[in-house]
Every structure is written in C-alpha cells, then in structure tokens.
Amino acid sequence: MKQTLQNKRLLLGITGGIAAYKSPEIVRRLRDAGAEVRVVMTRGAMEFITPLTLQAVSSNRVHSDLLDADAEAAMGHIELARWADAIVVAPVTADALARFAQGRADDLLSTLLRASDAPVLLAPAMNQAMWRDAATQENSQILSQRGYRSIGPADGVQACGDVGAGRMSEPLAIVAAVSDLFEKQTLTGHHVVITAGPTRERIDPVRYLSNFSTGKMGFALAEAAAEAGAKVTLIAGPVNLSTPDRVERIDVISADQMLAVVQQFAATASIFIAAAAVADFRPSAPTDQKIKKTSGIETMQLDLVKNPDILKSVAESEQSLFCVGFAAETENLLAHARAKLARKGLNMIVVNDVSRSDIGFAADDNEVVVITPKDAIKLEKANKRHLARRLIQLIAEQVSPADNSDSG
Ligand code: PMT
C-alpha cells in the first residue's frame, strides 16, 4: 500500500445504516494510506456499531455530541472542522442526504459540514427503492451542485434481500476516491529523511565541542517537504526549535547517534537531505569526571578522532537514495562544493557562504548555489523557509515520481 494520503487529516462521518459495519475497514485503509483519521458518529450510527470499535481502529477519541462539554474542551467543533483536510461520510443514509441538502446544523456531523471548507466525499448506502426515490435523487443533485463529490452506491444484493443500486461502495474504492480529492503534490509518496542542527561531542560531563548551527535551515526544509506531501523524518541535533507540523522528529546529541538513526531510516527512504553541521572530530577519550584546572599549567591538549561521515557512508550504502548534501564554505565556494559532490557520491549539493553573518549559520536568511553533476543554480538571498520551498521543488524535479499505482 503506497502512502497516497500521507500527512492528510481526514474526518470520517458515519450515519445510521447497516453499511456502518464496513466503516472500521475504511478507517483502517485510510490509515494504511498514511492519513490521520478522526471519526464522527451520528446517534443512528451508534445503533449499528460502537464508538469503541472506531476509537480502537482510528487511535483517536470518537466525536458524537455537539453539546458534549468534555469533547468541546479537548477539540471544539469549529477546531475539528478546521482540522480536516477532507470530510468523508460513509455510509450516508437517505435521511442524512436530506438533512445535508437542507443545510441542517442540529447534530455534530451536519454542523461540521456547515463549518468546514474542506472537500466532502459522500458514500450513500440505502435500499435500492429509497435510492431511486425522486426526493433522494433531488437531494443528491443539490449536494453535487454544491461541490460535494460522491461515490456509489454500487449495484448488488442488499442486506434486505433486494437487488439494485444501493450498496455502499467497497472500502478500497472509497479510499481511492478520497485520494482523488487531493491534487497530487510534488513529493507525494516520498519519504524524506533530513538532518538538522549541530552535533555535540562530549569532552567531560560539563563541556563539549560543537558549532553555531541552529537547525533553522534543516527545520525549514522539513516543513517544506511535508507541505509538498512527503513523509518526513527529521533527525535533529540539540536545537531550540519547535517541530514543524506533520513531521516526525528524532532528537540526537552526537554524530555517532545521528549516524545510527539516519541509517535506520535511510534504508526505506527515497530522499536524504543532510543539512546538519556534523562535528568533524570528537574527543578521543571523553572523561567521566570534570577535567580540573591544574595550577601552573596554562595550556591543555585535546586529542581528537575523526567522526564518521554520515552523508558519505549513507550515499555509498543506499544506492537508490537521492542524496542531497550541504557545503558550508568560506572561500572558493563552487570548487569546494563540486569536489564534495564527487567525493561523497551525491546527487546534489547546496553550497552556502558561512563567512557571512547575514546568511548561513544562525541567520534567518540564506543564499545558496544548488549544484548537480550537470547544473549550478543560484537561489538569491531569501528567508530560509522561502528558500527551503524552492530547494524542495528543485529536488522534486530531479527525483522520479513515487509509484502510486497500487494505491488505495
Ligand atoms: O542550522 P542553521 O543555523 O540554519 O545553519 C544552516 C547551515 C549553515 C548549518 C546549513 O546551511 C549547512 O551548511 N549545513 C551543512 C554544514 C556542514 O557540516 O557542512 P560541511 O561542508 O562540513 O559538510 C558537508 C556535508 O556533509 C553536509 O551535508 C554535512 O551534513 C555532511 N557531513 C559532514 C560531516 C560529517 N561527519 N558527516 C556528515 O554527514
């Protein structure tokens, strides 16, 4: 199952029909496709299936009551309406269709439909005669004219024994229709692993070696990659930044720890972006006790050993991974960066001038040249978040689209 709904937040509404027994399977399939799912049930739905079942399969509390003070305190109905990237109602009964068409707002589900701007997909399910009924058809048309999409109902034998159009579409078909609500984004189906920030190499319990990286560049890239539809794993050294929305973050301290976590995720990822400023060396023998000053001795020798080159080792071991490095340079930017591109076996390197105080380390802005074996593209000075979006677009143009053919 490909992650076609990666990062998507879906609200599944369930109304009171026998097809509600298939709703847990819809939740499961939506989650398999990468979505986060919250469930809203009408009173009728709860006669057919329990909220506990839906809570178990969605891993989220089920919402059912517009006037539930506890639920409103946790996530109010307007917040829930804004949270959703799309609303799916499956099954939709004839009565629910009528209520939605009338624009009612007297229960939680109908209120959410009023309060949300998200696209809506309806999966009607009812007796074949009720589906053919003129009022039902009219209601269905009204909703379609308002921009609601629908799937089904399908033909076949019904729970009541009748044969005809009225069965709810199968869960996999509903998931495919949900995917179609979203335009394909440039990194849909990709898993991007990003390193950010500095590493700290321990000297003794109170001292370490590190550098001036704040993580701003790497975090901006993680945010931009998630916006472009990718699954994002951000491996961060010690920084003081909050995690971008929809990004999985793993904190590390040293280069050795960063290498171990990168290796764990790189094996299944499709893109690796190394924006971290990894310390090139670490103390060869960090001490357990604080190193004391000795009177009369004015100098101190620190013996260092080379740290592993995370980027080079991953680029060597994961041949199918699209590897993007950063080059922090102070002179001969292009020549040094091209040499790193070749030496580390990369697909792309992004060079920045870290001798300038207005860009590079710690600054809000950056200015870079993006170098591939064929090209060199300058990205003018801009805020790191803006620049990150341009970088992600350039990367997306270079990688092949993820194969989503067996999605749903
Ligand atoms: O974090 P900010 O304050 O926003 O600053 C951003 C930045 C200046 C840190 C960023 O734009 C940047 O340049 N990151 C790379 C810093 C660096 O370590 O460059 P380098 O030229 O020394 O290393 C080349 C590449 O190899 C980098 O992708 C680096 O992550 C990687 N590397 C280096 C050493 C090592 N042991 N392992 C590595 O993976």
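We're numbering straight along the sequence, starting at 1. One-based numbering, in listed order, for ligands and for the atoms of each. For clarity, every value in this text was computed on a predicted model and none was experimentally measured.
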Please check if atom CZ in R146 has more than 12 non-hydrogen atoms from other residues, nucleotides or ligands closer than 6.0 Å.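 Buried by this count: over 12 neighbours within 6.0 Å.
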Counting only heavy atoms not in R82, do more than 12 fall under 6.0 Å of its CZ?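 Check fails, neighbour count at 12 or below.
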Report, one line per pair, each donor and acceptor closer than 3.5 Å where one atom sits in a side chain of residues 284-301; sequence neighbours left out.
from	atom 1	to	atom 2	distance (Å)
S284	OG	D303	O	3.2
S284	OG	D303	OD2	3.0
T287	OG1	Q289	O	2.8

Does the structure place the NZ or CZ of R202 under 6.0 Å from the centre of the six-membered ring of Y208, at an angle of no more than 45° from the ring's axis?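 Geometry flag: not set, cation outside 6.0 Å or 45°.
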Looking at I14, V57, T53, which one forms a side chain to side chain contact (heavy atoms under 4.5 Å, CB included) with V39?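 Only one of I14, V57, T53 forms a side chain to side chain contact (heavy atoms under 4.5 Å, CB included) with V39, namely I14.
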Note every protein N or O atom lying under 3.5 Å from an N or O atom of ligand 1, pairing the names and giving the distance.
from	atom 1	to	atom 2	distance (Å)
ligand 1	1 (O)	S213	OG	2.7
ligand 1	1 (O)	T214	N	3.2
ligand 1	1 (O)	G215	N	2.7
ligand 1	3 (O)	T214	N	2.8
ligand 1	3 (O)	T214	OG1	2.6
ligand 1	3 (O)	A362	N	2.7
ligand 1	4 (O)	K216	N	3.3
ligand 1	4 (O)	M217	N	2.9
ligand 1	4 (O)	K384	NZ	2.7
ligand 1	11 (O)	N352	OD1	2.6
ligand 1	13 (O)	N352	OD1	3.4
ligand 1	13 (O)	N352	ND2	3.0
ligand 1	14 (N)	A275	O	3.0
ligand 1	19 (O)	A328	N	3.4
ligand 1	21 (O)	A328	N	3.1
ligand 1	21 (O)	K340	NZ	2.4
ligand 1	26 (O)	K344	NZ	2.9
ligand 1	28 (O)	A274	O	2.7
ligand 1	28 (O)	F326	N	2.9
ligand 1	28 (O)	F326	O	3.2
ligand 1	30 (O)	A276	O	2.6
ligand 1	36 (N)	P308	O	2.9
ligand 1	37 (N)	I310	N	3.1
ligand 1	39 (O)	I310	N	3.4
ligand 1	39 (O)	L311	N	2.9

Donor-acceptor pair between N307 and D280 side chains, under 3.5 angstrom: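 No - no donor-acceptor pair under 3.5 Å links their side chains.
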